[in-house]
Amino acid sequence: MKNQEEEEESGEEEDEHLTSDEFSHPVPWQKIEAEGLDCDYALLFCKEEADCLFRKLEEEVAYSTGEEAKVQVFGKVYNIPRKQATYGDAGLTYTYSGVTRLARPWTSTLERVRDAVTKTTGQTFNFVLVNRYKDGHDHMGEHRDDEKELDPLCPIASVSLGAARDFVFRHRDARGKRIHRQIDPVRLELAHGSLLLMNSPTNTFWYHSLPARKKVPLPRINLTFRRILVRKK
């Protein structure tokens, strides 16, 4: 039997091996389409790789506190019902929900995941929004990622690690008190180690959300990689 020190050393070696530049290839892409909605879905990391990445991110990511942990909705300020962090290239900022967030320098694990996504999709990304849901009580309300500083030609790449959660798309004409058209929502489950690409024009016509699921006891980390336009001075 291994003693505790041997087990810890073995675990460290395993982590180093799994976070090397060699990632498993994704399974064939699943196309998800509806009127004005174009997404691609695949398993990017096997369970062993995804477990390792989750552990590393739990150690590395520093989440926002204070005013940066709040959002503004219709003039009112609310605490974000999850933890958030922003990372990316030097000097980049991202403004949404009334708060401007400065990108922290990439961690080694975020860089590795970013590079794996780039290798798989052929798209480059300079920014990532990290959301951590402690359990099924944490959630994300309906919104569109349509901020002006985002490159409209670049898809948003969403990597999920941890507990599988439901993800719901709702067409802009089929929400609110005055529904203009009957369009069914699109629902999918984002699995541990999965990659979802939200291609144009999805964020023009469809809102998306991660509803509360109170029976889910485990945490989830989501990484949404984006390309922010760099304005020339």
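All values derive from a computational prediction rather than experimental measurement. Numbers for residues simply follow the sequence, beginning at 1.
Remark: E111 CD to T118 OG1 distance equals 11.0 Å, nearest 0.5 Å. R112 CZ to L57 CG: the interatomic distance, rounded to the nearest 0.5 Å, is 12.0 Å. Atom CZ of F225 and atom CG of L129 lie 10.5 Å apart (nearest 0.5 Å). One distance of note links CG of L92 with CZ of R227; it measures 12.5 Å at 0.5 Å rounding. Rounded to the nearest 0.5 angstrom, E35 CD and D173 CG are separated by 7.5 Å. The line from CG of L210 to CG of D138 is 9.5 Å long, rounded to the nearest 0.5 Å.
Scanning for ring pair (Phe, Tyr, Trp, His ring centres under 6.0 Å) contacts around Y87 gives an empty result, with sequence neighbours left out. Partners of T121 under the side-chain hydrogen bond (donor to acceptor under 3.5 Å, both in side chains) rule, at least two apart in sequence or in another chain, do not exist in this structure. With sequence neighbours excluded, no residue forms a side chain to side chain contact (heavy atoms under 4.5 Å, CB included) with S200. Residues passing the side-chain hydrogen bond (donor to acceptor under 3.5 Å, both in side chains) test with E142 are R170, R175, sequence neighbours excluded. Residues meeting the side-chain hydrogen bond (donor to acceptor under 3.5 Å, both in side chains) test with R213, sequence neighbours left out: D166. Remark: D38 engages K31, D40, N199, T202 in a side chain to side chain contact (heavy atoms under 4.5 Å, CB included) (not counting sequence neighbours). The side-chain hydrogen bond (donor to acceptor under 3.5 Å, both in side chains) search around N203 returns none, not counting sequence neighbours. In this structure, the ring pair (Phe, Tyr, Trp, His ring centres under 6.0 Å) partners of H171, at least two apart in sequence or on a different chain, are W206. With sequence neighbours left out, F167 forms a ring pair (Phe, Tyr, Trp, His ring centres under 6.0 Å) with F169, H208.
Between T86 and L102 the shortest heavy-atom distance is OG1-O, 3.1 Å. Closest non-hydrogen pair, G88 versus A103, comes out as N-CB, 3.5 Å. When all heavy atoms of S209 and M140 are compared, the pair lying nearest together is CB-O, 3.4 Å. Summarising the geometry of A42 relative to W29, their closest heavy-atom pair is CB-CE3, 3.5 Å, with the distance given to 0.1 Å. Contact detail for A174 and R181: the closest heavy-atom pair is CB-O, 3.5 Å. Residues I221 and E58 share a closest heavy-atom pair of CD1-OE1, 3.6 Å.
Contact annotation: the side chain of F45 never approaches that of L195 to less than 4.5 Å [non-hydrogen atoms, C-beta and beyond]. Under the 4.5 Å side-chain criterion, counting only non-hydrogen atoms from C-beta, V168 is not in contact with Y207. Side-chain contact check for P217 versus D135: every heavy-atom pair is 4.5 Å or farther apart. Contact annotation: the side chain of C39 approaches that of L196 to within less than 4.5 Å [non-hydrogen atoms, C-beta and beyond].
Under the salt bridge (charged side-chain N to carboxylate O under 4.0 Å, His left out) criterion, no residue pair touches residues 196-210, with sequence neighbours excluded. Residue pairs satisfying the ring pair (Phe, Tyr, Trp, His ring centres under 6.0 Å) criterion with at least one member in residues 114-137, sequence neighbours excluded, are listed as follows: Y94-F127.
Ion pairing between D51 and R55 fails under the 4.0 Å rule for side-chain N and carboxylate O.
Side chain of N131 to main chain of N222: no donor-acceptor pair is present (N/O by atom type, distance under 3.5 Å, no hydrogens or angles). Panel note: side chain R220, backbone S160; no donor-acceptor pair is recorded below 3.5 Å. Remark: side-chain polar atoms of R144 are paired, donor with acceptor, to backbone N or O of T204 under 3.5 angstrom.
Environment of NZ in K47: sparse, with no more than 12 heavy atoms of neighbouring residues, nucleotides or ligands closer than 6.0 Å.
The only member of L161, T109, V113 that meets side chain to side chain contact (heavy atoms under 4.5 Å, CB included) when paired with K56 is T109.
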Pairs under 3.5 angstrom only: tabulate donor-acceptor contacts from the side chains of residues 182-190 to other protein residues two or more places apart or in another chain.
none

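Taking the six-membered ring where the residue is Trp, F54 and H192 present perpendicular rings, their angle passing 60° and hence far from 30°.
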Worked check of side chain to side chain contact (heavy atoms under 4.5 Å, CB included) between V230 and D89: CA-CA 10 Å; V230 179; D89 292 355; over 6 Å; no
Worked verdict on R226 versus D145 for side chain to side chain contact (heavy atoms under 4.5 Å, CB included): CA-CA 10 Å; R226 305 145 191 261; D145 296 324; 3.7 Å; yes
